[in-house]
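Counting begins at 1 with the first residue of the sequence.
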Amino acid sequence: MKADFDSPKVKSTIIRLALPMIAAQFVNLLYSIVDRIFIGHIPGVGPIALTSVGLCFPIIQIVAAFTNLYGFNGGSPLSSIERGKGNLKEAGLIMGNSFSLLVITGVVLTIITQCFASPLLYIFGASEKTISYAIEYLRIYSIGFTFSLIATGMNAFINSQGFSNIGMKTVLIGALLNFILDPLFIFIFGWGVKGAALATCISQCVSALWVLKFLTSSKPILKLKRDEMILEAKRVKSIVTLGTSGFIMGATNSAVQIVCNRMALLYGGDLLVGAFTIINSVREIFSTPVNGLTSATSPVMSYNYGAKRFDRVMKASNFAIMVSATFTSIFTLTILLFPQMYIRLFSSDTQMVEVTTRALRIYFSLFVFMSFQQVGQSTFVALGKAKQAIFFSLFRKIIIVVPLTIILPLFMGSDGVVAAEPISNLVGGMASYLTMRYITSKEFKRVAS
């Protein structure tokens, strides 16, 4: 069923979009989470292998950042704004240009990773114990970068047109295939981390083909056409300008992960680096509902902003913060009370469980404030306010997290590596959200008067 962006029932529209999107993003987690679960339980080498895969996170996050740049935060909201204005031709051209950018970027990233895998991994925090497994995983995984960018980046255009059920099927197909291939390649064929990477690569390829089949069919409002894929400088600039905030969010996540890995290696060794692999995995699991909700809210806000229905824009933003803050509060409580329930999904190693338990509780202690960051950020992006979105992306990660990750361990030891995150959630989250409310309120009153 296609969502109706003209409906006055804003909450119902968001829920109709959000439920399949959240389900889709949960299923999408299987791509990486299942890899880590199986790898972490490989007999004899599980903890080291899990740590090695975690070292690949920065480059994987960079790939995801480009899907934000051209898709979720760049091309997709721009396309939705144009559809809200009734300009379907320009909306289609934006989608076609975004596709070309995704393909070109995927090829370039694959070449760079294949050529420089070893030095990159050492920069990311690899040691002599972990480098061999990490190289095996990354070189195979990178073959699928282009497929991953197409599947994820173009899926944003499927969702933004209201076809969230199709978007859910995109990730469902690939993730279920990965779930089947992972144990087959890792344990039965005995390929270890190489098997996990190959399973993910094949699954992403299948998802990409599914997306292309739908976008070239007669079903969507905007169809992917070859003549609309020709890059035009002004259009590319608009996509990149708006999408830069989402890209910075991903790219700075990568930068923070590099700093965390290196500081973790310095103050806690490979074991603490492995703990961060588990922490990031748990974070992904419980960020997914909030990401799904904000992803569903964004096209609703963009469309109604283009149509100058500002009351619906704020209804959508208010609903998003209410639901996401409630969810993250409940999740934080479960982390504080039952951390080992999550940790043992990825490792049963006694030392790994002990180190990760303490780190997990510190890391997620103020996680509720991440909701304010995400809602503030997504509202800025949905309304095309690139400068504000970019600033708050940089503010939380680069201005707060990175310096604190380096400074706090001097006084707190290994705990300091983890403590920077909750501080940034509180300060960065509230700064982003409160500024968003002030700016949008001022603009909407001005236009109304």
Side-chain angles (χ1 to χ4, degrees), residues 1-7 12-31 64 67-68 70-84 88 91-100 102-103 106 144 146-180 200 202-226 228-229 288-289 291-303 378 382:
M1 181 183 294
K2 177 183 173 296
D4 180 11
F5 292 111
D6 288 309
S7 172
S12 299
T13 303
I14 292 173
I15 292 171
R16 190 176 297 114
L17 282 170
L19 290 178
M21 283 176 129
I22 291 170
Q25 291 193 24
F26 262 127
V27 174
N28 193 38
L29 276 178
L30 292 176
Y31 275 127
T67 66
N68 290 333
Y70 306 135
F72 286 103
N73 297 110
S76 178
L78 272 182
S79 182
S80 293
I81 290 172
E82 293 301 325
R83 284 199 306 108
L88 295 182
L93 286 165
I94 290 170
M95 185 174 74
N97 274 227
S98 297
F99 175 78
S100 296
L102 288 164
V103 172
T146 303
F147 303 128
S148 176
L149 284 164
I150 292 172
T152 306
M154 295 309 295
N155 208 34
F157 291 91
I158 294 176
N159 289 325
S160 70
Q161 294 181 63
F163 296 97
S164 52
N165 286 327
I166 299 296
M168 179 179 66
K169 290 177 182 178
T170 298
V171 292
L172 182 64
I173 291 169
L176 289 180
L177 181 59
N178 190 45
F179 186 79
I180 294 169
T200 302
I202 293 172
S203 303
Q204 289 170 340
C205 178
V206 173
S207 291
L209 292 175
W210 166 267
V211 167
L212 293 177
K213 181 181 178 183
F214 178 78
L215 287 176
T216 54
S217 71
S218 60
K219 296 179 181 178
I221 301 167
L222 303 176
K223 300 172 181 60
L224 195 59
K225 300 175 183 177
R226 187 175 300 175
E228 294 179 341
M229 297 178 192
T288 293
N291 291 337
L293 180 66
T294 54
S295 295
T297 306
S298 183
V300 175
M301 289 192 291
S302 295
Y303 184 88
S378 66

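Heavy-atom minimum distance, A91 versus R83: CB-CG, 3.8 Å. Across S80 and S160, no two heavy atoms sit closer than the pair OG-CB, 3.5 Å. Taking all atoms of both residues into account, the shortest heavy-atom contact from S302 to A382 is OG-O, 2.8 Å. Of all non-hydrogen atoms in I14 and A296, the two that sit nearest each other are O-CB, 3.8 Å.
Side-chain contact between K219 and I158: absent, with no pair of heavy atoms (C-beta onward) separated by less than 4.5 Å. Proximity of F157 to V211: side-chain heavy atoms (C-beta onward) are nowhere separated by under 4.5 Å. Residues N97 and M229 have side chains not in contact (no heavy-atom distance under 4.5 Å, counting atoms from C-beta outward).
Interatomic distance, CE of M95 versus CG of L88, reported as 11.0 Å (0.5 Å rounding). Atom CD1 of I173 is separated from atom OG of S207 by 6.5 Å, given to the nearest 0.5 angstrom. With rounding to the nearest 0.5 Å, the separation of OG1 in T146 from CG in L102 is 9.5 Å. Here the CD1 atom belonging to I166 is positioned 11.0 Å from the CD atom belonging to Q161, to the nearest 0.5 angstrom. Put simply, CG on L212 and CE on M154 are 7.5 Å apart, with the number rounded to the nearest 0.5 Å. If you take CZ on F147 and CD1 on I202, they are separated by 10.5 Å, rounding to the nearest 0.5 Å.
No donor-acceptor distance shorter than 3.5 angstrom exists from the side chain of T216 to the backbone of L224, with no hydrogens or angles considered. Remark: the backbone N or O of L149 is not paired with any side-chain donor or acceptor of T152 at under 3.5 angstrom. With hydrogens and angles ignored, the 3.5 Å screen pairs no side-chain donor or acceptor of S148 with any backbone N or O of G144.
With sequence neighbours left out, the ring-ring contact (aromatic ring centres under 6.0 Å, His included) criterion links F214 to F163.
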Stepwise, does the side chain to side chain contact (heavy atoms under 4.5 Å, CB included) test hold for S378 with T297?
CA-CA 8 Å; S378 66; T297 306; 5.8 Å; no
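The side-chain contact (heavy atoms from CB on, under 4.5 Å) with S203 is formed by just one residue from the set I180, N178, V171; it is N178.
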